[in-house]
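Below you'll find the structure, written out as structure tokens, and then a few comments.
Just follow the structure's listing: the first ligand is 1, and inside any ligand the first atom is 1. Here the structure is a predicted model, which means the values were calculated and not measured.
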Amino acid sequence: MIKLNWKSFTLRLRHVFRISRGARDNCPLVLTALSFGGYTGYGEASMPPLYGESEQSARSFLESVDLSGFETPLETSSILQYVDDLAPGNPAVKASLDIALHDLIGKMLGIPLYQYFGLPARRLPTAMTISLDEPEEMARKAEGYTDFSFLKIKLGTERDREIILAIRGVTGKPLFVDANQGWTEREAALDFICWLAEQGVVFVEQPLPKDKREDQAWLVARSPLPLIGDESVQRLSDIREASSLFHGINIKLMKSTGLREAFRMATTARALGMKLMLGCMSETSCAITAAAHLGALADWIDLDGHLDAANDPFRGVRLEEGHLVHTGLPGLGIEPLPENPLVNVA
Ligand code: MG
């Protein structure tokens with residue numbers, strides 16, 4: 001019998017995280033555990049307020065889960081289909097079950113999850129994100145992140161040019177830009193992207209609001225930089241439309257409902273010739289490590305959500321000179337720390 005446990009957990013952030021659509025200094029999580037045959041797998045739902053899920057919605061979803069009809073966790077596809085069919089939406093809490101289930105089967109099979117997905121254990125150069133602030137403050141942070149190969153800059157303000165110039169005053173590193181839907185006029189967006197192309201920017205994430213499809217199609221036909229869909233692309237079924245609006249997509253486990261669908265999204269986007277980015281929310285080392293197992297599929301890695309956590313309840317991928325490095329242990333290869341609320345219940 002597969003046993004499910006969960007606990008609420010508030011992830012505290014070291015710095016206020018500010019983007020063009022809001023700010024916060026903590027993030028509600030629900031941590032899950034699935035146990036079977038002496039093994040326990042861990043998962044996590046991260047629910048930034050902007051995305052519509054809450055601790056309450058996650059808890060009531062988990063209360064509706066009944067795994068007694070499944071003989072073994074190795075019926076992975078059937079279990080995850082059952083979970084997905086329980087209710088529409090709820091991608092983060094669904095991801096928490098998907099991640100825990102994959103951790104569990106990886107442990108049962110005795111292999112790390114990258115091997116389960118047929119991938120190598122690559123060292124992943126992750127970007128470090130600099131959230132919105134005064135340009136001087138953003139430049140000060142950029143200067144401090146010497147270990148990272150890429151910096152991701154949040155934009156979508158009146159002062160975007162000033163921010164880039166301030167950062168360019170302290171570092172020549174390649175930059176990822178994320179406008180978080182913050183630009184509203186397509187002509188102005190194109191002008192600015194042409195300027196960014198001369199500033200060592202690699203790509204631009206979600207320049208326009210997601211409902212501005214026509215403007216986005218206009219922009220993608222003209223942009224000198226790759227445009228990557230994030231808010232516009234949640235699950236596998238969104239990729240067909242996204243392939244005409246963007247050059248690539250940002251896959252996040254908390255949007256995709258977990259690893260299984262993220263893997264299918266990655267292979268589908270690849271088949272369509274699209275670029276791939278792996279991203280995250282504010283998360284613990286549990287969900288970050290989970291996403292990192294798919295790292296070999298991606299062109300660009302933005303898995304830094306755990307680096308700003310003040311109370312990460314797991315140890316997982318290590319950070320070595322700006323690269324994420326797998327532990328090589330079975331499943332996710334993570335360990336709950338003593339203060340993890342699941343330690344005594346799983
Ligand atoms: Mg984004």
Side-chain donor-acceptor contact under 3.5 Å, E44 with T32: no

Heavy-atom side-chain contact between H306 and L324 under 4.5 Å: yes

Beyond-backbone contact of L225 with V202, side-chain heavy atoms, under 4.5 angstrom: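 Side chain of L225 against side chain of V202, heavy atoms only: no contact under 4.5 Å found.
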
Metal site the Mg ion (ligand 1), protein N/O/S atoms found under 2.8 Å: 3

Heavy-atom donor-acceptor pair, Q199 side chain to R168 backbone, under 3.5 Å: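 Here the side-chain-to-backbone pair does not exist.
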
Plane angle bin for H293 and Y114 - parallel if under 30°, tilted between 30 and 60°, otherwise perpendicular: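 Taking H293 first and then Y114, their aromatic rings lie parallel (interplane angle under 30°).
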
For D302 against T129, the heavy-atom pair lying closest together: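 Closest pair (atom of D302, atom of T129, distance): OD1-OG1, 3.3 Å.
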
